[in-house]
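Remarks on the structure that follows.
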Amino acid sequence: MKQNIATLLIVAIALVFLAMHSSALPWTPMRIAGVAIGIPAFLLLIVARMQLGSAFSLRARASTLVTTGLYSRIRNPVYLFGGLSAVGIFLWSGHPWLLLALLVLVPLQIVRIRKEEQVLAEKFGDAYLNYKRTTWF
């Protein structure tokens, strides 16, 4: 849980720092879209990380199969809402070319997701496979 809170705190501090240094930029439709995507996504990211609780780890491990809350509908809400948060930040920053970073980030996240799925399937077997069939992404 300490890792969970620490990483969220680091991200929150980075966002405050970015906001302070970008506050003079005009409110264009792109920046408004960034806020409209980024804020809800970041809040849902926080919810997903908190719901993951002690099952959160930086390395793929299977201590608990979390199937409640956001995880009852989405298998990987941390990755989904983390990616959407990044999209929001990139648009809000006024530098849409930063979206090119997704060309690297998304494949890396897919590799990580597949590793986690393998670990979860090995640990929880049919329970995980049934869960996987009833959830999206």
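Side-chain atoms are counted along with the backbone in the values below, which use heavy atoms only and exclude waters and symmetry mates.
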Roughly how far, to the nearest 0.5 Å, is OG of Ser85 from CZ of Phe90? 10.5 Å
Does Val104 belong to the same Ile/Leu/Val/Met/Phe/Trp/Tyr cluster as Leu84, with side-chain heavy atoms less than 4.5 Å apart forming each link? no
To the nearest 0.5 Å, atom CG of Leu100 lies from atom CG of Leu105 at 11.0 Å
Using the rule that two of Ile, Leu, Val, Met, Phe, Trp, Tyr join whenever any of their side-chain heavy atoms come within less than 4.5 Å, decide whether Leu45 and Phe137 are in one cluster. yes
Can you tell me how far apart CG (Leu70) and CZ (Arg49) are? Round to the nearest 0.5 Å. 13.5 Å
Heavy-atom side-chain contact between Pro77 and Leu44 under 4.5 Å: no
Please name the pair of heavy atoms, one in Glu116 and one in Asn76, separated by the smallest distance, quoted to 0.1 Å. OE1-OD1, 4.3 Å
Verify the cluster assignment for Leu108 and Val78: are they in a single hydrophobic cluster under the rule of side-chain heavy atoms below 4.5 Å apart? no
Interatomic spacing from CE in Met30 to OG in Ser93 - rounded to 0.5 Å: 7.5 Å
If you define the side chain from C-beta out and look only at heavy atoms, does anything of Arg31 sit under 4.5 Å from Thr28? yes
I'd like to know if Trp136 and Val47 are part of one continuous hydrophobic network [Ile/Leu/Val/Met/Phe/Trp/Tyr, side-chain heavy atoms within less than 4.5 Å]. yes
Between Thr64 and Val66 (side chain of the first, backbone of the second, donor and acceptor by atom type, cut-off under 3.5 Å), is there such a pair? no
In this structure, CD1 of Ile74 is separated from CZ of Phe81 (nearest 0.5 Å) by 4.0 Å
Can you check whether Ile89 reaches Leu98 side chain to side chain, under 4.5 Å on heavy atoms? no
Begin with the C-alpha distance, continue with both residues' side-chain angles, and end with the deciding distance and a verdict on side-chain contact (heavy atoms from CB on, under 4.5 Å) for Leu99 and Leu91. CA-CA 8 Å; Leu99 291 170; Leu91 292 175; 4.0 Å; yes
Heavy-atom distance under 4.5 Å between the side chains of Val106 and Tyr79, does that happen here? no
Taking the side chain as every heavy atom from C-beta outward, state whether Arg133 and Tyr128 have any atom pair closer than 4.5 Å. no
Hey, does Glu117 have a side-chain heavy atom less than 4.5 Å from the side chain of Ile113? yes
Within-4.5 Å side-chain heavy-atom neighbours: Leu102 and Val87: yes
Counting C-beta onward and ignoring hydrogens, is there a side-chain heavy-atom pair between Leu65 and Tyr71 closer than 4.5 Å? no
Measure the spacing between CG of Leu120 and NZ of Lys115 and express it to the nearest 0.5 Å. 10.5 Å
